[in-house]
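Notes for the one structure printed next.
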Amino acid sequence: MAKYGEGDKRWIVEDRPDGANVHNWHWAETDCLGWSRDLLTKLLNNLTVLDGEGNIHLKTKTVDKVDGEAYVNIRKGKIIPGYEISLSLSWEGEAKDADGKSLLKVDGLVEIPYIADENADEDPEVKISVKDEGPIGKRLKEAMLAKGKPLILEKIRVYVESIAKGGPVKDEVEAKKIATKSNSTASVAAAVEAVKKEVVVEKKEVKKKKESKKGFKTISMTEKFSCRAKDLFEILMDENRWKGFSQSNAKISKEVGGQISIFDGSVTGTNLELQNGSLIVQKWRFGSWPDGIDSTVRLTLEEPEPGLTVVKLTHSDIPEEDRYGNATVVENTERGWRDLIFQRIRAVFGFGI
């Protein structure tokens, strides 16, 4: 899991009134470790586990430690939590006799060594210890395992559900969605008549553009990597490695004619031609592009000497504008290739020159 704050600052979205992630490449990231400490403290401090049942009194005391990392990414309005934390919680217990006289008071510790987003659907391991390991101490420990552990896990599930919904940025995300929806509704109402008048002309212009290829651009780049060509080819065609260096979901077929989906579905396409270790040709389409427009990606991999691979990229038929009229598609696509693909591969796999 990538550590909070390691992303390229040029690609972290600043606060915008519409809450938009421009061109689907960007991430908004919020550190949630402090929020996690506060919420877990609120959930777990001073919980009554047993209050006299079986002459046993048990309660949690304080959350002593929450270590690790926790953050929330916002991409295309989608909340993507990430966390790996450990937790320690003190507890106390007392056993009494039938007359209510105290037999023994003990202190103990609850340790949860690994709470992580990758195991969000599973209860984490809970370790419970007691300072007095005598017969009564063990009895109190067993009671804490039987009654306290399920209660603690219930509270941990509340934390997991809370961060999955956005944690400290939940209200902000919802507010931005409402604001964006309101603005969009007003804009659509004002523009609908103009659209009706121009729709026939617009369709003709789009058709003409596509036929003549006016309004489209080509990106050409040459990049060097300190690796074998076959290794880089495998990275580019392996969905698990894509997930690793891009920190987003990916599905990549290794067959000609097979489908691809990268950057959480922002880019989809098809394999057109594959030559193991030397050539990748794919059809690419971004979700923000006008309907019916596909581009062609051609990656040639050459190895002029062992351990040095030269990649030549040609990305053709890129529209100058997206469906919303933004004219920075080509610029953002080029930056995406350089910073979010090539540079990430070098950093993650150690292929820098």
Side-chain angles (χ1 to χ4, degrees), residues 1-9 11-16 18-45 63 65-89 110-126 152-180 239-251 261-267 287 340 344 347-348:
M1 183 180 69
K3 292 184 178 179
Y4 171 78
E6 286 189 348
D8 188 333
K9 293 182 179 179
W11 293 90
I12 300 297
V13 177
E14 302 295 338
D15 287 337
R16 295 168 45 119
D18 59 2
N21 284 325
V22 182
H23 298 296
N24 302 326
W25 287 94
H26 309 311
W27 295 72
E29 188 168 88
T30 301
D31 187 0
C32 297
L33 185 57
W35 170 87
S36 297
R37 288 194 181 104
D38 292 342
L39 179 58
L40 289 166
T41 296
K42 180 180 179 181
L43 290 170
L44 295 170
N45 275 12
V63 173
K65 180 179 68 173
V66 176
D67 288 338
E69 57 180 351
Y71 57 82
V72 168
N73 284 317
I74 307 295
R75 180 177 173 81
K76 297 171 63 181
K78 180 181 177 182
I79 297 169
I80 307 172
Y83 51 93
E84 289 183 1
I85 59 176
S86 61
L87 177 150
S88 64
L89 167 70
V110 176
E111 295 177 286
I112 307 179
Y114 191 66
I115 306 171
D117 58 281
E118 64 182 1
N119 299 325
D121 296 331
E122 304 173 8
D123 287 334
E125 178 187 11
V126 178
I152 291 168
L153 287 175
E154 177 185 325
K155 301 301 182 182
I156 295 299
R157 285 192 287 270
V158 172
Y159 165 76
V160 170
E161 291 171 3
S162 297
I163 195 170
K165 292 178 181 178
V169 300
K170 176 186 176 183
D171 293 340
E172 178 185 349
V173 172
E174 293 301 320
K176 287 181 177 180
K177 285 182 179 179
I178 293 172
T180 302
E239 62 185 43
N240 289 323
R241 296 181 190 181
W242 260 94
K243 291 176 185 177
F245 74 75
S246 71
Q247 286 297 293
S248 61
N249 289 324
K251 293 182 179 179
S261 173
I262 54 179
F263 292 107
D264 289 328
S266 296
V267 180
L340 297 183
R344 290 282 181 88
V348 171

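Owing to the predicted nature of the structure, the values given are computational and were not obtained by experimental measurement. Heads up: numbering here begins at 1 and tracks the sequence.
- Among all heavy-atom pairs drawn from Gly166 and Val72, the shortest one is O-CG2, 3.8 Å.
- Minimum interatomic distance between Tyr83 and Ile115 (heavy atoms only, all atoms of both residues): CD1-O, 3.6 Å.
- In this structure, Ile156 and Val126 have side chains that are not in contact, with every pair of non-hydrogen atoms separated by 4.5 Å or more.
- Put simply, the side chain of Phe263 reaches to within 4.5 Å of the side chain of Ser248, judged on heavy atoms.
- Nearest heavy atom pair, residue Ala250 against residue Glu239, reads O-CB, 3.6 Å.
- The minimum heavy-atom distance linking Arg344 with Phe245 is given by the pair NH1-O, 3.5 Å.
- Qualifying side chain to side chain contact (heavy atoms under 4.5 Å, CB included) partners for Asp67, counting only residues two or more places apart in sequence or in other chains: Arg37, Lys65, Ser86.
- Listed by first and then second residue, the salt bridge (Lys or Arg N to Asp or Glu O under 4.0 Å) pairs involving residues 153-165 are Asp123-Arg157 (not counting sequence neighbours).
- At a threshold of 4.5 Å between non-hydrogen side-chain atoms, the residues Asp117 and Ile163 do not count as touching.
- A 4.5 Å side-chain heavy-atom check between Leu87 and Tyr159 finds every atom pair outside the cut-off.
- Shown here for Thr30 and Pro168, the closest heavy-atom pair between the two residues is CG2-CG, 4.5 Å.
- Shown are Leu40, Val63, Thr41, Ile112; of these, the side-chain contact (heavy atoms from CB on, under 4.5 Å) with Leu89 is made only by Val63.
- Contact check for Asp264 versus Ile80: side-chain heavy atoms found under the 4.5 Å cut-off.
- The two residues Ala164 and Pro81 come nearest to each other via the heavy atoms CA-CG, 4.0 Å.
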